[in-house]
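Step one of this worksheet: look at the structure below.
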Amino acid sequence: MALRMWASSTANALRISSASKAHLSPAFSFSRCFSSVLEGLKYASSHEWVKHEGSVATIGITDHAQDHLGEVVFVELPEAGRSVSAGVGFGAVESVKATSDVNSPISGDVVEVNSKLTESPGLINSSPYEDGWMIKIKPKNPSELESLLGAKEYTKFCEEEDAAH
């Protein structure tokens with residue numbers, strides 16, 4: 001997803017260090033790295049995740065992405081039957097901070113769309129890896145998964161990206 005990371009500067013403004021704020025206890029020390037990254041998933045540098053099970057791959061946006069976006073208020077998804085291509089947008093996520101395109105990490109045919117997101121787009125915030133999934137596809141070329149990041153690589157990517165902002 002071509003996530004507009006300008007929101008990270010806002011998140012950075014929330015960073016509080018107990019060392020620089022001696023009157024605060026360590027319990028109030030915050031960091032931008034609250035995001036969870038799950039083992040067993042593959043991740044795109046554009047902040048989407050893929051869970052490949054059998055002949056179906058489930059796709060959504062990462063916890064890191066939803067955290068930077070803020071409260072999700074609208075989700076645009078494709079219809080079942082449509083083809084998606086790796087690295088190409090298939091929908092959009094609108095939040096109180098920004099609207100971001102969502103790219104497919106792999107190519108395939110959409111077999112199911114999470115219709116719950118129409119009425120409850122906030123599921124992306126509360127459960128990005130479970131209830132907040134976006135589409136399920138039948139992959140055209142499962143070997144595309146090999147070019148995606150594992151959990152450790154994605155975590156490092158996010159840390160480096162955040163440090164640059």
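Numbering starts at 1 and runs along the sequence shown.
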> Do E53 and K51 come within less than 4.5 Å of each other through their side chains, counting heavy atoms only?
Replying inline: yes

>> Just verifying a value: how many Å separate S120 OG and N125 CG, rounded to the nearest 0.5 Å?
In response: 11.5 Å

> Does NZ or CZ of K136 lie under 6.0 Å from the centre of the six-membered ring of W133, at an angle within 45° of the ring axis?
Replying inline: yes

> Side-chain contact, heavy-atom cut-off 4.5 Å: F74 with P121?
Replying inline: no

>> With rounding to the nearest 0.5 angstrom, report the CG to NE2 distance, L148 to H52.
In response: 11.5 Å

> Short question: side chain of S95, backbone of A98 - any donor-acceptor pair under 3.5 Å?
Replying inline: yes

> How close do S104 and V84 get, heavy atom to heavy atom, and via which atoms?
Replying inline: OG-CG2, 3.5 Å

> Where is the tightest heavy-atom contact between W49 and P105, given as atom of each residue plus distance?
Replying inline: O-CG, 4.4 Å

>> The test is side-chain contact (heavy atoms from CB on, under 4.5 Å); show your working for L117 and L77 and say whether it passes.
In response: CA-CA 9 Å; L117 295 179; L77 298 172; 4.1 Å; yes

>> Can you pull out every salt bridge (Lys or Arg N to Asp or Glu O under 4.0 Å) where at least one residue sits in residues 78-95? Sequence neighbours excluded, please.
In response: none

>> Let me check something: do V37 and I61 share a hydrophobic cluster, defined by ILVMFWY side-chain heavy atoms less than 4.5 Å apart, either directly or through other members?
In response: no

> Would you say the side-chain atoms of H64 pair up with the backbone N or O of Q66, donor to acceptor, closer than 3.5 Å?
Replying inline: no

> For S83 and D109, which heavy atoms make the closest approach, and how far apart are they?
Replying inline: OG-OD1, 2.6 Å

> Where is the tightest heavy-atom contact between I124 and G132, given as atom of each residue plus distance?
Replying inline: CG1-O, 3.6 Å

> Rounded to the nearest 0.5 Å, how far apart are CD of E76 and CG of D101?
Replying inline: 8.5 Å

> Quick one: do the S107 and E144 side chains pair a donor with an acceptor below 3.5 Å?
Replying inline: yes

> Is L149 reachable from I106 through a run of hydrophobic residues whose side-chain heavy atoms are each under 4.5 Å from the next?
Replying inline: no

> At what distance, to the nearest 0.5 angstrom, does CD1 of I137 lie from OG of S55?
Replying inline: 11.0 Å

> Any link between F157 and I59 through a network of hydrophobic side chains (Ile, Leu, Val, Met, Phe, Trp, Tyr) touching at under 4.5 Å?
Replying inline: no

> Which pair of heavy atoms, one from Y129 and one from D63, lies closest together, and at what distance?
Replying inline: OH-N, 3.2 Å

> Roughly how far, to the nearest 0.5 Å, is the CD atom of E153 from the SG atom of C158?
Replying inline: 12.0 Å

>> On a heavy-atom basis, which atom in L69 and which in S100 lie closest, and how many Å separate them?
In response: CD2-OG, 3.4 Å

> Do the non-hydrogen side-chain atoms of V113 and M134 ever get within less than 4.5 Å of each other?
Replying inline: no

> At what distance, to the nearest 0.5 angstrom, does OG1 of T62 lie from CG of L41?
Replying inline: 10.5 Å

> With a 4.5 Å limit on heavy-atom distance, are the side chains of F90 and N103 in contact?
Replying inline: no

> Listed by chain and number, what are the side chain to side chain contact (heavy atoms under 4.5 Å, CB included) partners of K116, not counting sequence neighbours?
Replying inline: N114, L123

> Which residues satisfy the ring-ring contact (aromatic ring centres under 6.0 Å, His included) test with Y154, sequence neighbours excluded?
Replying inline: Y43, H47

